[in-house]
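From a predicted model like this one, the values you see are computed outputs, not experimental measurements.
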Amino acid sequence: KGEDLLRVGSVTSVSEALQGQMPGVTAINTSSKPGADAADLFIRGKATWGNASPLVLVDGMERDFNDVDVNEIQSISVLKDASATAIYGSKGANGVVLINTKHGKSGKIKIDIKAQTTYNMRTITPEFEDGISYANLLNESRITRNYEPVYQPEELEILKNGLDPDLYPNVDWMDMLLKDGAWSNRINLNMSGGGTTARYFVSASYVKEDGMYNTDESLKDDYNTNAAYHRWNYRLNTDIDITKTTLLKVGVAGFLSKRNSPGLGDGDVWGELFGYNPIKTPVMYSNGYIPAIGSGNKTNPWVAATQTGFNENWTNNIETNISLEQNFDFITKGLKFVGRFGYDSNNQNTIRRLKWPEQWLAERARDPETGELRWKKISGSQNMKQESSSSGNRREFLDMMLNWDRSFGAHHPSATIKYTQDSYIQTQNLGEDLKTGINKRNQDLAGRVAYNWNYRYFIDFNFGYNGR
C-alpha cells in the first residue's frame with residue numbers, strides 16, 4: 001500500500017522506498033546524488049546480462065514509477081510468475097510492477113497536508129590517511145623496491161609540523177569538500193471528494209533535497225555550486241459514471257524538476273576527491289595562486305567543486321490518460337471491457353555555465369638565492385561562458401482488454417484477450433538523419449484461458465504475438 005511506502009522516510013523516488021518492502025524484489029542503489037538516486041529494480045534476481053528491469057505500469061500505462069510522488073500511490077503489486085506475466089508479452093519477461101494511483105471517493109471534500117523535514121547523513125565514507133602517514137608509506141613503498149625515498153627526514157619533520165604548507169601541504173580533502181549531512185524537505189497537499197456521479201483526487205507536492213558539498217562563501221550571493229534537487233509534482237484524477245455500467249476515468253499528471261551540480265559535474269569532483277592525495281597541493285597557495293598539477297580533471301578537488309561554475313538540468317514531464325470501463329453483465333455475467341489511451345510529453349534542458357581559474361604549480365625546491373617559490377603556470381583563466389543542450393520525446397499508448405471471469409459452483413473459468421500498442425518519437429536534437437524523427441512502434445496481442453476446480457487444480461493457456 002502507499003501508506004507503507006510513506007513510512008520509509010524521506011525519499012525522492014519510489015524505487016528507493018521499495019527497498020526491503022516486498023519479498024522477491026531487489027533494489028540496488030548505486031548513486032546518492034540528489035535527484036539522481038533512483039535504485040535499479042530486479043524481480044527474483046537478475047535473469048539476463050541485458051536489460052533486466054521489470055515492466056512498470058502506472059494506471060495501466062508503461063511509465064517510469066520514479067516520476068510518481070509517493071503520496072499519490074494507492075497500491076503497488078508485483079507479478080513474478082510466468083503465468084501471471086504472460087499476458088504482458090515479451091516486455092513482462094522480467095516481471096511486472098503494477099502501480100495504482102489514488103482516486104476520489106464519494107463524500108465531503110477531504111484535505112490532507114503533510115510537511116516533512118529530514119537530515120540525511122552518509123552511512124559510509126572512506127577514511128584516508130593524513131599527510132605524514134601518506135608520505136611515510138610512499139617512502140616505504142619506494143625503499144622496498146630499491147628506490148630512493150621521496151621525502152628526507154627533515155622534510156617529514158617540516159610536513160609533520162606544518163612549517164611550509166606551500167611545498168609540504170597536509171590537506172584533509174574529505175573534510176574540506178563534504179558536509180556532515182544535508183537537509184531534505186517535502187510538503188504535500190491531497191484533496192479528494194465528489195458525489196455519486198463524479199469523484200476527484202488532486203495532489204500537489206514539492207521536494208527539496210540539498211547536497212553535501214561545501215561551497216565558497218564568497219560566491220554565495222552569485223550562484224550555488226552545491227548539488228541540489230527541486231521537484232514539483234501534480235496529479236488530477238477524475239472518475240465519472242456515464243451510466244450504471246460505464247465508468248470514464250480522466251487523469252493528468254506531471255512534474256517539473258531542477259537539478260544543480262558543480263561545473264565539472266559530480267563525476268569529476270568525486271574522481272578527483274578519491275584520486276588526490278593530502279600532500280599533492282594545498283587548497284590555495286599563500287600568495288593567492290590556485291594550485292593544480294595539470295589541466296582538466298587534474299585540478300585540485302576544491303577547485304573542481306567550487307571554482308568551475310555550475311550546471312542546471314531542468315526536466316518537464318506531462319502525462320495524460322483516459323480510460324473507459326464497460327461492464328457487460330447484461331450480456332453475460334463477469335464480462336468486462338477496459339480501454340485506455342495515454343499521451344506523454346517529456347522535455348529536458350541542460351544549461352552549463354562554466355569558468356576556469358588561472359592555476360599554478362610550485363616547483364619542489366625554492367630559489368636558492370632568494371628563497372622564493374618558483375612557479376609553473378598550468379592554465380590560464382577563462383571567464384564564465386554558457387552553453388545549453390536539450391532533448392525531448394513524445395509517447396502514445398493504446399491498451400484494450402476484454403476479460404471474462406465467472407464461477408459455476410466449484411468450477412471457475414476465465415478468459416482474457418489484450419491488445420496494446422505504443423509509439424515513441426524523439427522531438428528535439430533530431431540532427432540530419434531522417435531515422436531519428438521516425439516513430440518507434442510496438443504492438444502486442446496476448447490472450448489467456450484459465451480454469452480451476454475448487455481453487456485446487458489449475459489449467460492455464462497463454463499466447464502472445466509481439467512486433468516492433
> Is there a donor-acceptor pair closer than 3.5 Å between any side-chain N or O of R186 and the backbone N or O of K208?
Replying inline: no
> Can you check whether Y455 and H412 have ring centres sitting under 6.0 Å from each other?
Replying inline: yes
> Just checking, is any N or O donor in the side chain of Q428 or S391 under 3.5 Å from an acceptor N or O on the other one?
Replying inline: no
>> If I take atom CD1 from residue I438 and atom OG from residue S423, how far apart are they, to the nearest 0.5 angstrom?
In response: 13.0 Å
> Side chains of Y276 and I293: does their closest heavy-atom pair fall under 4.5 Å?
Replying inline: yes
>> How close do A305 and P262 get, counting heavy atoms only, and between which atoms?
In response: O-CB, 3.7 Å
>> Determine whether a donor-acceptor pair (N or O, by modelled atom type, separation under 3.5 Å) exists between the side chain of T246 and the backbone of T243.
In response: no
>> Tell me whether D172 contacts the main-chain N or O of D175 through its side chain, where contact means a donor paired with an acceptor under 3.5 Å.
In response: yes
> For S184 and D210, what are the C-alpha separation, side-chain angles and deciding distance, and is it a side-chain hydrogen bond (donor to acceptor under 3.5 Å, both in side chains)?
Replying inline: CA-CA 6 Å; S184 64; D210 292 327; over 6 Å; no
>> Given 3.5 Å as the limit, does a donor-acceptor pair link the side chain of R259 with the main chain of N311, or not?
In response: no
>> Between R395 and D344, does any NZ, NE, NH1 or NH2 come within less than 4.0 Å of an OD or OE carboxylate oxygen?
In response: no
> Between I73 and V68, is a side-chain contact (heavy atoms from CB on, under 4.5 Å) present by the stated rule, with each step listed?
Replying inline: CA-CA 8 Å; I73 296 176; V68 182; 3.9 Å; yes
> Under a 4.5 Å cut-off applied to non-hydrogen side-chain atoms, are L98 and L79 in contact?
Replying inline: yes
>> For T299 and Q359: C-alpha separation, side-chain torsions, deciding distance, then whether side-chain hydrogen bond (donor to acceptor under 3.5 Å, both in side chains) applies.
In response: CA-CA 8 Å; T299 186; Q359 293 184 291; 2.5 Å; yes
> Distance-only, no hydrogens or angles: does the N233 side chain make a donor-acceptor pair with backbone N or O of A204 under 3.5 Å?
Replying inline: no
> Rounded to the nearest 0.5 Å, how far apart are NZ of K435 and CD of Q426?
Replying inline: 12.5 Å
> Does a donor on one side chain and an acceptor on the other come within less than 3.5 Å for N237 and T101?
Replying inline: yes
> So, E312 and R352, do they make that salt bridge, N to O below 4.0 Å?
Replying inline: no
> Is N383 atom CG crowded by more than 12 heavy atoms from other residues, nucleotides or ligands, each under 6.0 Å away?
Replying inline: no
> Any side-chain heavy-atom pair from R63 and N321 closer than 4.5 angstrom?
Replying inline: yes
>> Minimum heavy-atom separation for S323 and R340, please, with both atom names.
In response: CB-CG, 3.7 Å
> Atom CE in M61, atom CD1 in I99: separation rounded to 0.5 Å?
Replying inline: 14.5 Å
> Ion pair present between D69 and R235, side-chain N to carboxylate O less than 4.0 angstrom?
Replying inline: no
> Do F128 and F274 make the cut of ring centroids closer than 6.0 angstrom?
Replying inline: yes
> Which pairs count as ring pair (Phe, Tyr, Trp, His ring centres under 6.0 Å) when at least one residue sits in residues 75-125, sequence neighbours excluded?
Replying inline: Y119-W183
> Among all residues two or more places apart in sequence or in another chain, which pass the side chain to side chain contact (heavy atoms under 4.5 Å, CB included) test with N403?
Replying inline: D405, T416
> Between F201 and M191, is a side-chain contact (heavy atoms from CB on, under 4.5 Å) present by the stated rule, with each step listed?
Replying inline: CA-CA 6 Å; F201 170 79; M191 295 189 300; over 6 Å; no
>> Using side-chain contact (heavy atoms from CB on, under 4.5 Å), reason through M384 and L354 one step at a time and then give a plain yes or no.
In response: CA-CA 5 Å; M384 183 173 285; L354 306 175; over 6 Å; no
>> A side-chain contact here means heavy atoms from C-beta on lying under 4.5 Å apart; do N346 and N316 qualify?
In response: no
> Please walk me through it: do I43 and V97 pass side-chain contact (heavy atoms from CB on, under 4.5 Å)?
Replying inline: CA-CA 9 Å; I43 296 177; V97 179; 4.1 Å; yes
>> How long is the straight-line distance from CG of D216 back to CG of N224, given to the nearest 0.5 Å?
In response: 11.5 Å
> Q326 versus T245: any side-chain heavy-atom pair under 4.5 Å?
Replying inline: yes
> Around E127, counting heavy atoms of other residues, nucleotides and ligands shown, do more than 12 lie under 6.0 Å from its CD?
Replying inline: no
> Nearest 0.5 Å, what's the CD1-CE distance between I417 and M400?
Replying inline: 10.0 Å
>> For K110, I'd like to know if atom NZ has over 12 heavy atoms of other residues, nucleotides or ligands within 6.0 Å.
In response: no
> What's the shortest heavy-atom distance between V96 and P54, and which atoms?
Replying inline: N-CB, 4.4 Å
>> Do N188 and S203 make a side-chain contact, defined as non-hydrogen atoms from C-beta onward lying under 4.5 Å apart?
In response: yes
> Can you list the steps and then say if T420 with D399 is a side-chain hydrogen bond (donor to acceptor under 3.5 Å, both in side chains)?
Replying inline: CA-CA 4 Å; T420 60; D399 181 284; 5.2 Å; no
> Of all heavy-atom pairs between N277 and W173, which one has the smallest distance, and what is that distance?
Replying inline: O-NE1, 3.3 Å
>> Do N442 and K91 make a side-chain contact, defined as non-hydrogen atoms from C-beta onward lying under 4.5 Å apart?
In response: yes
> Is there a side-chain hydrogen bond (donor to acceptor under 3.5 Å, both in side chains) between T215 and N226 once you walk through the steps?
Replying inline: CA-CA 6 Å; T215 58; N226 192 8; over 6 Å; no
> For the residue pair F310 and Y223, does the interplanar ring angle fall in the parallel (under 30°), tilted (30 to 60°) or perpendicular (over 60°) class?
Replying inline: parallel
> Can you tell me how far the CG atom of N452 sits from the OG atom of S407, to the nearest 0.5 Å?
Replying inline: 8.0 Å
>> Classify the ring geometry of F408 against W404: parallel below 30°, tilted from 30° to 60°, perpendicular beyond 60°.
In response: tilted
>> On a heavy-atom basis, which atom in T225 and which in Y213 lie closest, and how many Å separate them?
In response: O-CD1, 4.3 Å
> Where the side chain of T308 meets the backbone of K355, is there a donor-acceptor pair that is under 3.5 Å apart?
Replying inline: no
> Only one of T281, V283, V303 forms a side-chain contact (heavy atoms from CB on, under 4.5 Å) with I290, so which one is it?
Replying inline: V303
>> Could you tell me if the side chain of Y424 sits less than 4.5 Å from the side chain of N393, heavy atoms only?
In response: yes
> Hey, is E387 close enough to R353 for a salt bridge, meaning N to O under 4.0 Å?
Replying inline: no
>> If I compare all heavy atoms of G95 with all of T85, which pair ends up nearest, and what's the gap?
In response: CA-CG2, 4.2 Å
Anything under 3.5 Å between a donor and an acceptor, one on a side chain of residues 329-337, the other on a protein residue two or more places apart or in another chain? List them.
| from | atom 1 | to | atom 2 | distance (Å) |
| --- | --- | --- | --- | --- |
| D329 | OD1 | G334 | N | 2.9 |
| D329 | OD2 | N327 | ND2 | 3.4 |
| T332 | OG1 | R406 | NH1 | 3.1 |

> Does the distance from a Lys or Arg side-chain N to an Asp or Glu carboxylate O, for D59 and K102, drop under 4.0 Å?
Replying inline: no
> Between D422 and R441, is the closest basic N to carboxylate O distance under 4.0 Å?
Replying inline: no
